[in-house]
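Below: one structure, written as structure tokens.
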Amino acid sequence: MDASEFRKRGKEMVDYIADYMEGISSRRVTPEVYPGYLRNMLPRNPPTSGESFSDIMDDIEKNIMPGVTHWQHPHFHAYFPAGNSFPSILGDMLSDAIGCVGFSWAASPACTELETIVLDWFGKMIGLPRPFLHESGEGGGVIQGSASECVLVMLLAARHKALKQLKGKFPLMEDGVLLSKLVAYSSKLAHSCVEKAGMLGFVKMRQLDVDDNYSLRGHVLERAIEEDRRLGLIPIFVCATLGTTACCSFDNIAEIGEVCARENVWLHVDAAYAGNALICPEFSYIIDGIENVTSFNCNPNKWLLVNFDCSLLWIRRKEMLTSSMTVDPLYLQHKHDGITLRLYMFIDDIFQHWGIPLSRRFRSLKLWFVIRTYGIDGLQKYIRQHVRLAKLFETYVKNDARFEVMGKVTMGLVCFRLKGPNSLTAKLNHMINESGKLHMVPALINENYVIRFAVCAQNACEEDIEFAWRIISQEASTLLTARLSIESIIEAEKDEQIDNNQTEADDDVFPVFQENFIFDQQRSNLQRARIRRSLFMRMVSDPKCYNPKVLKALCLDKRRSRSSSSDEFKEGPREEE
């Protein structure tokens with residue numbers, strides 16, 4: 001493809017993207033496909049000769065779009081917002097065109113310097129103290145790919161710092177012995193990436209209980225640290241969460257920070273979703289105690305109109321590692337003053353040693369485009385609109401006696417459930433998703449099965465909320481009517497069993513099966529439902545938060561038999577090959 005055809009096809013692609021975004025509401029929000037659908041639609045081998053761009057685009061609509069879950073759809077209320085906007089798309093287009101690899105200042109000075117500037121901008125927007133900013137000379141930040149990377153890198157940094165200090169005290173002790181003593185903490189509602197970071201970093205991770213508001217409190221952490229110190233363990237790291245995945249609750253940063261400061265423990269705050277709302281002054285209270293925080297991350301690619309990936313991470317200067325800092329010879333060709341030279345040596349150290357990859361994309365462009373296009377006022381208006389719509393949905397739930405809201409509705413997420421056994425809410429979520437009219441995912445909060453309703457669409461409005469509640473209410477009415485019918489059948493069976501001196505049947509709406517599972521409505525389909533679970537139960541962003549007892553996918557080339565547990569399957573004996 002030469003420049004001439006690129007101009008033509010590029011304009012066509014912009015039109016296609018604009019048409020897709022404007023007409024997305026006419027598409028089904030979730031796909032009706034099964035695993036492996038695409039392999040059957042595409043050739044088994046790559047083409048020998050190049051194909052025309054028109055043919056490729058034809059296959060987009062014919063093969064790709066049928067398998068897309070439309071995160072920008074006005075009826076998509078699952079997971080969390082996937083930030084996107086035209087300015088962000090344009091910024092990414094330019095980044096792709098420049099195609100630089102910004103692993104150091106000399107590799108692309110604008111890439112390095114713009115990232116430091118927009119991180120300072122954003123840090124000021126959300127109220128981070130001066131020690132976190134590049135311009136202070138005391139702190140700094142870097143763009144990572146995801147909050148999972150941020151948490152892992154900070155755990156590794158805390159581990160490195162602790163081991164370095166311990167080696168100074170115990171120079172003859174093996175690193176492996178010291179490593180086995182380290183322990184870290186989070187709440188039990190922290191994202192699964194925190195637990196995964198502990199596994200990857202070979203650091204014990206304790207998950208602590210939360211209070212009635214699903215918040216980790218200081219006294220709980222303090223007690224855990226005391227217990228571990230008595231056992232000879234060494235506390236090194238705490239990951240607090242602002243906006244938990246399951247219900248958007250907030251750990252008490254002020255209390256936790258005081259404990260960490262007193263115990264000399266690294267405190268990282270994961271504010272991937274909720275941190276974006278800090279641009280609104282009315283939410284600044286959630287970072288009370290930020291002066292005792294060591295590192296902080298938030299994701300504009302979740303709730304601030306920046307497309308994935310763009311996770312921002314800040315660290316206080318006093319915690320930064322500089323032992324491996326090197327001077328790029330190209331620096332010496334520029335007549336920087338001594339302060340500027342040290343600054344960019346420091347920036348290179350951050351970029352090269354505070355992330356997993358060395359190579360870096362020019363991600364700051366799209367963030368810069370979005371901040372300049374909307375301004376602080378426009379972004380605040382966007383956040384406040386989502387919060388207002390979430391509160392509107394909350395009123396619908398509270399005004400219906402069949403439902404209850406779980407947890408406080410502070411930002412753009414509402415967790416609700418049908419009153420009664422977990423099976424009712426699970427079945428309702430299944431029915432709604434199967435309809436293709438809405439998409440939501442579940443969570444488990446203190447063993448309660450809830451449905452998460454997230455306000456996600458960029459241009460979400462009251463009509464979208466009203467539509468969603470109408471669908472939810474209708475499906476609930478259908479479910480509860482069917483439940484009464486099934487209960488009457490169960491009661492009749494009970495009477496018959498009693499007459500025959502048999503054991504009474506279970507009086508739950510879905511007999512025999514555990515209440516956490518999703519089943520087909522008709523009794524004749526209950527057995528089939530055991531092995532044909534909904535695809536949506538696998539479409540979750542945090543396996544730890546959502547239903548952990550889902551059925552395994554049916555594997556057609558293996559025979560399966562019932563296990564001793566009523567909620568699992570195990571493979572039966574395989575035939576000899």
Side-chain angles (χ1 to χ4, degrees), residues 91 95 100 102-144 150 153-154 157 257 266-269 271 275-276 278-281 284 287-300 304 306 310-322 325-328 330-331 334-355 360-377 379-380:
S95 173
C100 66
F103 56 78
S104 70
W105 179 87
S108 187
C111 179
T112 297
E113 297 193 23
L114 183 61
E115 188 161 329
T116 66
I117 292 169
V118 295
L119 277 158
D120 279 3
W121 279 11
F122 204 92
K124 294 175 182 177
M125 289 165 60
I126 63 176
L128 290 184
R130 182 174 173 80
F132 283 96
L133 306 181
H134 285 280
E135 67 181 24
S136 69
E138 301 176 19
V142 63
I143 300 179
Q144 304 277 11
C150 296
V153 171
M154 292 300 93
W266 186 299
L267 174 56
H268 176 71
V269 173
N276 295 279
L278 291 170
I279 65 171
C280 301
S284 61
I287 55 169
D288 286 347
I290 189 68
E291 64 275 5
N292 289 320
V293 171
T294 313
S295 53
F296 185 97
N297 77 264
C298 107
N299 293 11
L304 218 56
V306 180
C310 187
S311 185
L312 311 186
L313 172 65
W314 292 268
I315 315 100
R316 287 178 180 271
R317 177 66 178 90
K318 65 178 182 178
E319 303 296 345
M320 296 198 174
L321 304 175
T322 57
M325 186 182 298
T326 57
V327 180
D328 189 319
L330 289 179
Y331 288 157
H334 298 272
K335 295 182 179 179
H336 294 303
D337 58 71
I339 295 177
T340 305
L341 176 60
R342 289 194 298 273
L343 171 63
Y344 290 118
M345 288 169 61
F346 166 58
I347 291 170
D348 276 1
D349 186 51
I350 298 172
F351 287 0
Q352 293 184 26
H353 304 289
W354 289 86
R360 305 179 51 73
R361 295 194 304 115
F362 204 164
R363 288 178 289 207
S364 57
L365 274 176
K366 58 187 174 185
L367 182 58
W368 190 51
F369 274 38
V370 168
I371 295 175
R372 292 191 62 187
T373 300
Y374 292 95
I376 296 175
D377 290 343
L379 295 174
Q380 288 175 336

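As a basis for the values below, the full set of heavy atoms in this structure was taken, side chains included, without hydrogen atoms, waters or symmetry mates. Because the structure is a prediction, the values reported are computed rather than measured.
- Contact of the Glu291 side chain with the Pro129 side chain is not registered, since no non-hydrogen atoms from C-beta on lie closer than 4.5 Å.
- Under the 4.5 Å side-chain criterion, counting only non-hydrogen atoms from C-beta, His268 is in contact with Leu313.
- Across all non-hydrogen atoms, the minimal contact from Arg316 to Ile290 is NH2-O, 3.2 Å.
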Run the side chain to side chain contact (heavy atoms under 4.5 Å, CB included) check on Arg361 and Lys366 step by step: do they pass? CA-CA 11 Å; Arg361 295 194 304 115; Lys366 58 187 174 185; 3.8 Å; yes
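- Trp266 and Ala157 make their closest contact through CH2-CB, 3.8 Å (heavy atoms, listed as atom of the first residue, atom of the second, distance).
- Looking only at side-chain heavy atoms (C-beta outward), Val269 and Trp314 stay at 4.5 Å or farther from each other.
- In this structure, the side chain to side chain donor-acceptor pair (under 3.5 Å) partners of Ser311, at least two apart in sequence or on a different chain, are Asn299.
- Within the 3.5 Å criterion, the main-chain N or O of Glu135 finds a donor-acceptor partner in the side chain of Asp120.
- The two residues Ile287 and Gly127 have their closest heavy-atom pair at CD1-O, 4.0 Å.
- Expressed to the nearest 0.5 Å, how far OG of Ser295 lies from CG of Leu267 amounts to 7.5 Å.
- A donor-acceptor contact shorter than 3.5 Å links the side chain of Gln380 to the backbone of Ile279.
- To the nearest 0.5 Å, the span separating CG on Asn276 from CG on Leu379 amounts to 9.5 Å.
- Contact annotation: the side chain of Leu367 never approaches that of Trp121 to less than 4.5 Å [non-hydrogen atoms, C-beta and beyond].
- For the pair Thr294/Met154, no side-chain contact is recorded, criterion being any heavy-atom separation below 4.5 Å from C-beta on.
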Residue pair Cys111, Arg360: steps toward the side chain to side chain contact (heavy atoms under 4.5 Å, CB included) verdict: CA-CA 9 Å; Cys111 179; Arg360 305 179 51 73; 5.6 Å; no
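- Looking at Ile117 and Trp368, their side chains never come closer than 4.5 Å, going by heavy atoms from C-beta outward.
- Annotation: side chain of Leu312 is in contact with side chain of Ile143 (closest heavy-atom distance under 4.5 Å).
- Contact annotation: the side chain of Val370 never approaches that of Leu304 to less than 4.5 Å [non-hydrogen atoms, C-beta and beyond].
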